[in-house]
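Beneath this line is the structure, given in structure tokens, with notes to follow.
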Amino acid sequence: MDIEDLMTFVEVADAGGVSAAARRLGVSKSIVSRRLFRLEAELGVQLLARTTRGAALTEAGVTFRDHAARVSAEIDVARETILPAGDLRGRLRVAVPLTFGPTHFAHVLADMARRHPKLHIHTSYSDRFVDLIAEGFDCAIRVGYLPDSNLIASRIGPIYGKLVASPDYIKAHGSPETPDELVAHQALMQGTETWQFMDGDKILTVRPQGRFKADNGTALVAAAAAGLGIAWVPDGITREYLASGALVPVMPRYPPPPAGVYVIRPPGQHPSRKVRILTELLLECFEEDPRRA
């Protein structure tokens, strides 16, 4: 029984169809279908029922999927164990934020690929919080404040930010001096989040209101520069706006607490060597320039 066929079946089962699994694996749909056909022929049972919406596991498929996943995981561990020190191969799927990914993390991933020529790195850039398990990612790089979850997080370093607005907005609406005054202003937000501010050793929490929302930090900065409201954004994407005067700091006496950059992975006993080495490279990058974000 071919291990690639087993791994492909697990991907199809978890992705819910051949097309989605092919995208995860970075191969054609015909290759995925061929591997499934071989596996079902070897077992002598149907594992997947093809539907117009994708593929559903048969009763035998449900039973076999758990066994196949365990075998695939063990093979991955065995491969990593016998590889020469530092040598990586296989595939690493990483979800990276669109706002910071291309400018802050892409060079680290490229360096990792250069150091490990047998490793295939597939990166997805998006500011949405992907479901690592359902979408088949090995890990994700996340920026900000982490919500509670069963995922395992490794902190890479701090990320600093501030409230900003355009001079035109301040001229028209004034500038809030305290967090209490902020609720009377238009806030530019990703969703319905709360904002936190430091008052000495105390943390003050505010639930801002606003009519403009975007799931991308660069878009929020552009909206702030256009005079639509006040935005909380990391320093890494406001420096040029502040230097040019297109934006000005707001409420500097109450800075937001530092957020963080994290590598997130699904729960398990130990991270894979691929995830561990990516984490180490990111740590090196932030040690060289701790305020790069």
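The pair Arg114-Asp111 meets the salt-bridge criterion, since a charged nitrogen lies less than 4.0 angstrom from a carboxylate oxygen. A salt bridge does not link Asp138 with Arg93: every distance from a Lys NZ or Arg NE/NH1/NH2 to an Asp or Glu carboxylate oxygen is 4.0 Å or more. With respect to the salt-bridge test (charged N to carboxylate O, under 4.0 angstrom), the residues Arg253 and Asp199 do not qualify.
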Output, in order, the C-alpha distance, side-chain angles, deciding distance and verdict of salt bridge (charged side-chain N to carboxylate O under 4.0 Å, His left out) for Asp14 and Arg65.
CA-CA 9 Å; Asp14 292 349; Arg65 185 263 168 215; 3.0 Å; yes
Could you walk me through whether Ile3 and Val71 pass the side chain to side chain contact (heavy atoms under 4.5 Å, CB included) test, one step at a time?
CA-CA 9 Å; Ile3 186 61; Val71 170; 4.2 Å; yes
Given Arg91 and Glu11, is the salt bridge (charged side-chain N to carboxylate O under 4.0 Å, His left out) satisfied, shown in steps?
CA-CA 13 Å; Arg91 179 172 53 95; Glu11 289 285 0; 2.8 Å; yes
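Val248 shares a hydrophobic cluster with Tyr145, Leu163, Tyr169, Ile170, Leu182, Val183, Met189, Trp195, Phe197, Leu204, Val206, Ile230, Trp232, Val250, Met251, Tyr254; the chain of contacts runs through ILVMFWY side chains whose heavy atoms sit under 4.5 Å apart.
Paired with Arg35 under the rule side chain to side chain contact (heavy atoms under 4.5 Å, CB included), one option of Val18, Leu6, Asp5, Val12 passes, and it is Asp5.
Under the side-chain contact (heavy atoms from CB on, under 4.5 Å) criterion, Asp215 pairs with no residue at all, not counting sequence neighbours. For Phe64, the ring pair (Phe, Tyr, Trp, His ring centres under 6.0 Å) partners two or more places apart in sequence, or in a different chain, are Phe9.
Without hydrogens or angle criteria, Thr58 side chain to Gln46 main chain gives a donor-acceptor distance under 3.5 Å.
A side-chain donor-acceptor contact under 3.5 Å links Ser30 and Ser28.
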